[in-house]
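Step one of this worksheet: look at the structure below.
Predicted model only: the values in this text are computed from it and were never measured.
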Amino acid sequence: MTDTAESVFAGLNEVQRSIARKLFCRLVLLHPATADARRQARLGELSDEGHDADLYEVLYRFASPGLLTVEAETVEITHESLIFTWKRLRRWLDTDRDGRLLAQRLAEDAAEWEDHGRDPDHLYQGTRLHSAREWVDEHPDEPSRTVQAFLQASMHRSRRRTRRLQQVIGLLTVLLLTVAGLAAVVVAQERTATRERDEAVSRMIASRTVNLRDVDVSLSRQLALAAYRISPTVEARSALIDATALRPAIRMRADGDTKTMYAVAHHPTAPVVAAGLNDSLLLWSVEDPGHPTPLPPPPSATCARINALAFHPDGDLLVAGCRDQRLLIWDTTATPPVAAPAPDELGGNVRSVAFNTDGTLLAAAISETTADQRSRGTIRLWRVTAGTLTPLGEALTVDQAPAKSVAFHPDGRHLAVGTASGAVQIWDIRDPARPTDPVTATGPTKEIGQLAFSPDGHHLAASGADARVHLWDSTDPRNLVPVGDPIEGAEAWTNAVALSPDSTKFAVASSDASVGTRVFDTATRTLLATMPHPSAVTSVRFTPDGRDILTGANDGTTRLWPVDAPALPPTSYLVSSTRFSPDSRILAVGSADLRLYDLADPHRPRLLGPAITNTDGFAGALAFSPDSHVLAESHGRSGTVQLHDLTDPAQPKTLGPPLVAHQGQVEHLSFNPAGTVMATGGRDGAVHLWNISRPEAPTRLSTPGTFGGYVHWTAFHPDGTLLVAGSADRTLRIWDITRPDAPRQLGTPLPVNHYVYSTVFSPDGTTLAVSLGDSTVHLYDMTDPTHPARIGTPLTGPIDYAYSVAFTDDGTTLAGAYNDGTVWIWDVRDRTTPRHLATLTLPAKQVFTVQFRPGHPSLAAGGGDKIPRLWTTDVDQAAAQVCRSTGTPITAQEWARYVPDHDYRPLCD
């Protein structure tokens, strides 16, 4: 159509081209907020004085190839898609769009005036008349005869009315009415301006949240909510939904100027967090983790600088190591805590403090300066009895460089010491008054930041100035064995390290704020999570239950992060499939392996057992049986499919050997509603149906058809009588599978404009959504499956592949996964005019797979950035989710910086 329209236009002379431009502009109904549409016009209103012959020639030229439909008295554009595909027409419409909207309204009002017998009550006056005259003066060739007559009558009536008013009520009344009219105009204009300003501000704030996601997660999520509250634009709705897929950071922030935070600690048995904010100790109650409450500071809670904090294992004491050569100790059995006797004049800067496992010993690492201004590192040990500290021996020099960190091995017989020279020493402390026989670990060569043993004693971790993390097997503390190469990935100091209570994970805090805090699997050393910060992260601790991580940073903020979050751990390869079980309890993720997640708490998905591997090293397509008990998984080049018994999802069992289904990779799998038949589509172009009544031994029922390219998708109709498949050969085929052993193709292959990537039925079976390689999604009416009828115009996203689409289980919403790293969401309650709801931009690369969770406003997607994600798509629930996991709300200063022209207001009650 586009090529034909351009060819016809090229054959017109200059006068006819001008007429064509005016003609097509009049045949399009412009919408300020939604998609433009065609409109029917009367031939009489199109008459062009002096050029009627040229007008009819133009009509004939465009009607002949079917671009215009001309009736006895009317004309309209035949295919609405021409409005969007003919670039020349788009340029005409988008040039002076505001003016054209005014002209469109003028033409509609003129037509209504004509239809009502030229009733004077329909004429323009005042500002509307003035605006219309200005536009006509600037475009003298544009208005139709009807419009010209309408304006002339309006101006004549306006002049006559003015004279009559002057005669009746005089100049004063005229002035008063003028003022009143102007005031009304001003009020209306102010309302319009306010609305437009709010929309612009909302969009601007939403765009800023994107940049803040990798800097300050908490602020980004709150600003997304602020944008939506100011005006519910598509951009704000997108930012708010995207916020739900981010790992939340519950922040605890003190009032006043931002200061440096060097230490954090969590009470071992109570929901209390402690933080050293430069020279002060701060306490928060985290009984409601999403809304931390500041607690009164304990007495004597200041020193030159708090470098380190440690709670006694039973929670009775809290110790702070200070820069001014002393310890601060509080008895935490009292409410509020009270100061307890503490040693001072320790000879230097106390850099680290630690209790042993049973709480009978306390150690401190000290950086001393000698009389001749040289540095040295010492350690001090105390016996802890009923809250009282008794020194054990003299200060022990461990290095001619400052001592930076101490950590007790869980066996209680060994103490690890890290120094500024890069030394990691293990001391024998079976006689804690006389530590002996230090051994030095191999590895670090630069200053140590912090040491930490795993609670099971099997590992020792060290952070430091080399920006790496060193890990040793410490099963025998006297013989530390490096575990692999040091872990890299940060561009600056790794300041702190901590191991989880179950010893399965370790967290690393870095001065490289872009990676902030990272969490790794201890056994495999694979990255599980990244927690970006706005500034250097100086300290990190796991909470006693291991579910959360506590961090302190140089922006003076303590943050509480969930270890498990909607952003699932990265996979080692692209995410090829994300599928929810029909009972919505399980999420299956396909990549280099198959992983199953328990969704009992959807905000903290829990990995069920180890990943399931296969010899191809690829878990491509996935499909659940309707009862959720069987999961089908396709592999790579072998063309095989493995069925798994998920009766107990925590202990999946393979059902028989892999099924050799295709010659080459299986691209898609699906089950019929009864769960007895499985369809497979492969790179060999074939579609097969399999009897899986005995899933441990599937048998082929039939091959409904073979395409001329990859079969990317197969789908059963909800009633089980139809099967549809789409291929890279740019066709769809539909079969009647009432007898799956003898399928019957309905009609001829349905041609489409590009590669077919997915074909999905709506839950009621009345609509088929088809995504193509040209970025479009087409909707088909399936009332007559032998002749699917296209509904409306295609849904358009970015100019890139639309890899897959998915309906919500109520059929009202459709999501599409795109090659540009976005997920688009539409409201499709009105199939003829779908409405764009949101564009999710969190993924960094292609998105291959998308699916809604049954019975929940939740969406899973994954792709080239190797991170499976979960979003909450209901905006009210999304707002509640942000408010539940925010902590200290956005400050007035932050509001002033990011939210212009709006007074500061709390976002959450």
Side-chain angles (χ1 to χ4, degrees), residues 260-264 307-309 321 323 348-354 363-367 375-379 398-409 415-427 438-454 459-474 477 480-499 505-520 522 525 527 530-531 533 535-541 549 551-554:
T260 302
M261 183 173 289
Y262 289 100
V264 294
N307 291 319
L309 290 169
R323 185 178 185 178
N349 187 357
V350 182
R351 306 302 294 268
S352 174
V353 291
I366 300 170
S367 172
S375 296
R376 69 175 181 181
T378 63
I379 58 172
V398 294
D399 201 340
Q400 296 306 311
K404 297 296 297 294
S405 181
V406 288
F408 285 96
H409 189 277
L415 180 72
V417 181
T419 73
S421 69
V424 175
Q425 305 170 352
I426 303 295
W427 290 77
V439 294
T440 301
T442 59
T445 58
K446 294 185 178 181
E447 185 170 343
I448 298 299
Q450 191 176 38
L451 302 173
F453 281 104
S454 61
H459 292 93
L460 173 66
S463 63
D466 63 0
R468 301 190 292 180
V469 181
H470 300 263
L471 201 64
W472 296 271
D473 183 331
S474 59
L480 296 180
V481 179
V483 179
D485 295 327
I487 294 174
E488 301 181 337
E491 300 296 328
W493 269 72
T494 50
N495 297 310
V497 63
L499 285 104
K505 306 176 186 71
F506 64 93
V508 183
S510 173
S511 287
D512 181 352
S514 64
V515 296
T517 298
R518 291 169 294 159
V519 183
F520 296 88
T522 307
R525 293 156 39 95
L527 179 66
T530 300
M531 303 165 182
H533 286 66
S535 61
V537 187
T538 56
S539 52
V540 61
R541 296 285 182 89
I549 286 176
T551 63
N554 275 351

Roughly how far, to the nearest 0.5 Å, is [atom2] of [Y] from [atom1] of [X]?
X      : Y      : atom1 : atom2 : result
Lys404 : Asn307 : NZ    : CG    : 9.0 Å
His459 : Leu499 : NE2   : CG    : 8.5 Å
Arg541 : Leu309 : CZ    : CG    : 7.5 Å
Gln425 : Leu415 : CD    : CG    : 9.5 Å
His470 : Ser463 : NE2   : OG    : 9.5 Å
Asp485 : Leu471 : CG    : CG    : 11.5 Å

Looking only at heavy atoms, what is the nearest atom pair of [X] and [Y], with distance?
X      : Y      : value
Phe408 : Ala354 : CE1-O, 3.2 Å
Val353 : Ala364 : CG1-CB, 4.2 Å
Ser539 : Tyr262 : CB-O, 3.7 Å
Arg518 : Thr530 : CG-OG1, 4.1 Å
Leu451 : Val497 : C-CG1, 4.2 Å
Ala441 : Leu480 : CB-CD1, 3.6 Å

>> Are the side chains of Val417 and Asp399 in contact, using a 4.5 Å heavy-atom criterion?
In response: no
>> Are Ile487 and Val508 packed together at the side-chain level, in the sense that at least one heavy-atom pair is separated by less than 4.5 angstrom?
In response: no
Look at the side chain of [X] and the backbone N and O of [Y], then say whether any donor-acceptor pair between them is shorter than 3.5 Å.
X      : Y      : result
Thr538 : Gly552 : yes
Ser405 : Gly418 : no
His409 : Ser474 : yes
Thr419 : Ala403 : no
Ser375 : Pro402 : no
Thr440 : Ala423 : no
Asn349 : Arg351 : no

Side-chain donor-acceptor pairs under 3.5 Å in residues 489-496, sequence neighbours left out?
| from | atom 1 | to | atom 2 | distance (Å) |
| --- | --- | --- | --- | --- |
| Thr494 | OG1 | Gly464 | N | 2.8 |
| Thr494 | OG1 | Gly464 | O | 3.2 |
| Thr494 | OG1 | Arg468 | O | 2.9 |
| Asn495 | ND2 | Ser511 | OG | 2.9 |
| Asn495 | ND2 | Val537 | O | 2.8 |

>> Angle between ring planes, Phe520 versus Phe506, binned at 30° and 60°: parallel, tilted or perpendicular?
In response: parallel
>> side chain to side chain donor-acceptor pair (under 3.5 Å), that's the test. Do Thr551 and His533 meet it? Break it down for me.
In response: CA-CA 10 Å; Thr551 63; His533 286 66; 3.0 Å; yes
